[in-house]
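Following: one structure in structure tokens, then a few remarks.
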Amino acid sequence: MQRFLDSLNEPQRNAVTLPAQHALILAGAGSGKTRVLTTRIAWLIATGQASPQGVLAVTFTNKAAREMNTRLAAMLPISTRGMWIGTFHGLCNRMLRAHHRDAALPQTFQILDSADQLGAIKRMCKRLGVDDERYPPRNIQYFVNSAKEQGLRAPDVEVVDDINRHYVELYAEYDAQCQREGVVDFAELLLRSFELLGRNQLLREHYQARFRHILVDEFQDTNVLQYRWLKLLAGTDNAIFAVGDDDQSIYAFRGANVGNMAAFEREFQVRNLIKLEQNYRSHGHILDCANRLIRNNESRLGKNLWTDAGEGEPVRVYEAMSDALEARWLVEEVRSLVAEGGMRSDIAVLYRSNAQSRVIEHALVAQGIPYRVYGGLRFFERAEIKHALAYLRLIANPHDDGAFLRVVNFPARGIGARSLEALGDVAASAGCSLRDACASLGGAAGSRLSTFIGLIDGLATETRELPLPALIEQVVQRSGLRQHYENEREGEERLENLRELVNAAVAFLAEEGIGQDVPANAGVAIADVPADGLLAAAGDGVDVLDAAGPDGARSTPLAEFLGHASLAAGENQAGEGADALQLMTVHSAKGLEFRVVFMTGLEEGLFPHENSSAEPGGLEEERRLMYVAITRARERLYLSYSQTRMLHGQTRYGLKSRFIDELPPESLKWLTPRGTGRMGTWHDATGWPARSVPAGSGSPATRDRGTGLRIGQAVEHARFGEGVVMEIEGRGDDARAQINFGPSGIKWLALSVAKLTPL
DNA sequence: GCCGGGCTAATTTTT
DNA sequence: TTAGCCCGGC
């Protein structure tokens, strides 16, 4: 243990060895926060202050949880399997499975991912005849999730107007439907677990007595409900060790509440506040840029990163004529970096929004440079996988209407929309599941439905003795999925994915320590969780910790695997291993680091994004996002922007981002003449200087109209500052121009009045 | 049930 | 520009 402590710097070591009290660790980017977190756990266990069972460590992503597990296992000669290290959702899932009865859930309750949830809402709207113009399912989904993330049930939501009242009704209706079908959405996992602990004193006290140490990663990303959940588990005696960085809070838009950091400090009277400011990642100029930029934010707890790695290279800034030229320059730069012996996988290309990747990909393809785009469809989200999982879900829980509808006619069984509508009516009036409504339907439709039910029931009974992988094989075969994709022209990849699903099940069982020959539907005890009922039976004075009995705390490998599929979603993309350039949004780059980083598209309106200015605190969140981007780079950082960009099918004329102006000039090296502003020659959208002025709208000459202005021209205004002409309308005295003044906004100015100086 | 034309909207996203 | 969605026609 000592050797791990010795390898830490002083603040890190202080944090790791804090007494068992609440602590807030402000961990700057690249300051070794994961290291501190895992060493803290190891230290608590090694010094006998905590048992592995007595620690709860919570993260946001599966990746972070896995990382923590691996590092911990490397430090201590213990198995981390039984430990409560996981994501908020994963841990809540675990708790709800163990106490499904107390939580009023079926033993094999299933988890809806976002797409499933939206589907469930659409189904509800159809059933209730909701006008989806006035109440778009997307908005209902947003409404429900935000309410749940605040810890509010439908009756708790304050009704402010009629529209709002409808949303509340739909929320209640949606929850009722989920309850009927035995499914829970992501936010429900949290809320249900929170309510369970709040209502069940015995259970609450049990977990409070167990988890003397609660460690939280990325604390700045917690939402209101997660904070309250932690608070509940902490009780009065347990110590919360929260690690976070308010400067990297970039998820306010999805409910994250940075305010939790200040609230934690206040409400828990935190006396141990430690700042980790030594950065082990980036060279000096890069850090200087990050520090100077983030200083412009008013609301922050205050930190300043430093390094002893030396100044390093200056940050390179490039101004391109067009987005295509920006991409072309980038590709050339990458080529020379690779020619010098650099790895492509060490280089990241970042952008604010996904749409920006297109033009870059185009240039990369043209030059034959391998690349990988992050984001997109994940393994368990693929259609064929979702289909197979739906069959499995029906086996686990026949009343899952979402799963029923997904596969009742896939592969096609002649059960069309009409039949399903009739079936839906029967189910609605009888208040039963679609499956149970099938018996009431006669005729051809009825018999086809019976056949389908027979298939599901047959699979359920005949596979009772089969282990999970074999069950999946059977399902893929008997459902007709395999044959369906064999007949499809491009079904080979889908078949490959279905085979991969079987492998995923094998891997899952191995990871969970479930025997490969345990029948998929047999009860499996969840490691040392007190069982439903057992707690009550154990009553007072009995140590329930080891009471995991044969009865209650059992789930089935199938249900567990389905939960895993919803929560883990799998890798974004295949193609690992190859040395490829990494393309991603700034958001998805959080937590990663690269030797070289290209931050592209640094233009007003794009980054900071124009929509952000409307939201309170929006600009500061954009700035934190830029801070995240800068601090991803270890050795070399490029910043680039373009004078013109194709956006929504139109050429937009932008200004360089204010964020570039906020950086220390002495740390920058301009690759193009500094702040050149506009060039005299017109370049078309492909980035090539036009040999002749192209005809048609958008070309400068056709818009001049004797105003002396061109589109794309830089001008200066006494009040608004520097701007770019975006549009010109009318002629003579009526002529007016739309000008993008960047920070001052986009204005229409009458040219006869406005005093504009061409730059 | 499937295909294609027309319409619309267009940050960021993990679980 | 383009991707996703809905509706009408076969």
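This is a predicted model, so every value here is computed, not measured. Labels below follow one simple rule: chain letters A, B, ... track the order of the sequence lines, proteins then strands, and each chain is numbered from 1.
- Phosphate proximity of dA3(C) to Arg358(A): present, with a side-chain N or O under 4.0 Å from OP1 or OP2.
- The nearest whole Å value for the distance from the CD atom in Glu133(A) to the C1' atom in dC5(C) is 12 Å.
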(request) Verify side-chain hydrogen bond (donor to acceptor under 3.5 Å, both in side chains) between Asn69(A) and Thr80(A), making sure each step is shown before the conclusion. (result) CA-CA 6 Å; Asn69(A) 266 306; Thr80(A) 56; 2.9 Å; yes

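- The side chain of Asn409(A) places an N or O atom within less than 4.0 Å of a non-bridging phosphate oxygen (OP1 or OP2) of dG1(B).
- An OP1 or OP2 oxygen of dT13(B) is reached within less than 4.0 angstrom by a side-chain nitrogen or oxygen of Asn354(A).
- For an aromatic pair to be called close, the ring centres must be under 6.0 Å apart, and Tyr351(A) with Phe607(A) fails this.
- Judged by centroid separation below 5.5 Å and plane tilt below 30°, Phe60(A) does not stack onto the base of dT15(B).
- At the heavy-atom level, Glu622(A) lies under 4.0 Å from base atoms of the strands shown.
- For dT13(B), its base never sits under 3.5 Å from the side chain of Ser114(A) at any donor and acceptor pair.
- With ring centers used as reference points, His587(A) lies 6.0 Å or more from Tyr374(A).
- When heavy atoms are screened at a 4.0 angstrom cut-off, Asp221(A) is found touching no nucleic acid atom at all.
- With both ends at atom C1', the span from dT11(B) to dC6(C) equals 25 Å, rounded to whole Å.
- Of the residues listed (Leu625(A), Thr631(A), Asp221(A)), the one engaging Lys590(A) in a side-chain contact (heavy atoms from CB on, under 4.5 Å) is Asp221(A), and it is the only one.
- The NE2 atom of His564(A) sits 15 Å away from the C1' atom of dT14(B) (whole-angstrom rounding).
- Side-chain atoms of Thr585(A) lie closest to dT12(B) of the nucleotides dT12(B), dT11(B), dT14(B).
- When distances run from any side-chain atom of Met646(A) to the nucleotides dT15(B), dT1(C), dT12(B), the shortest one goes to dT1(C).
- Between the CG atom of Asn93(A) and the C1' atom of dT14(B) there is a distance of 15 Å, rounded to whole Å.
- In this structure, the NZ atom of Lys590(A) is 11 Å from the C1' atom of dT14(B), given to the nearest Å.
- Contact annotation: Asn611(A) does not reach the phosphate of dT12(B) (side-chain N/O to OP1 or OP2, under 4.0 Å).
- As judged by a 4.0 angstrom heavy-atom cut-off over every strand, Gln356(A) is placed among residues making no nucleic acid contact.
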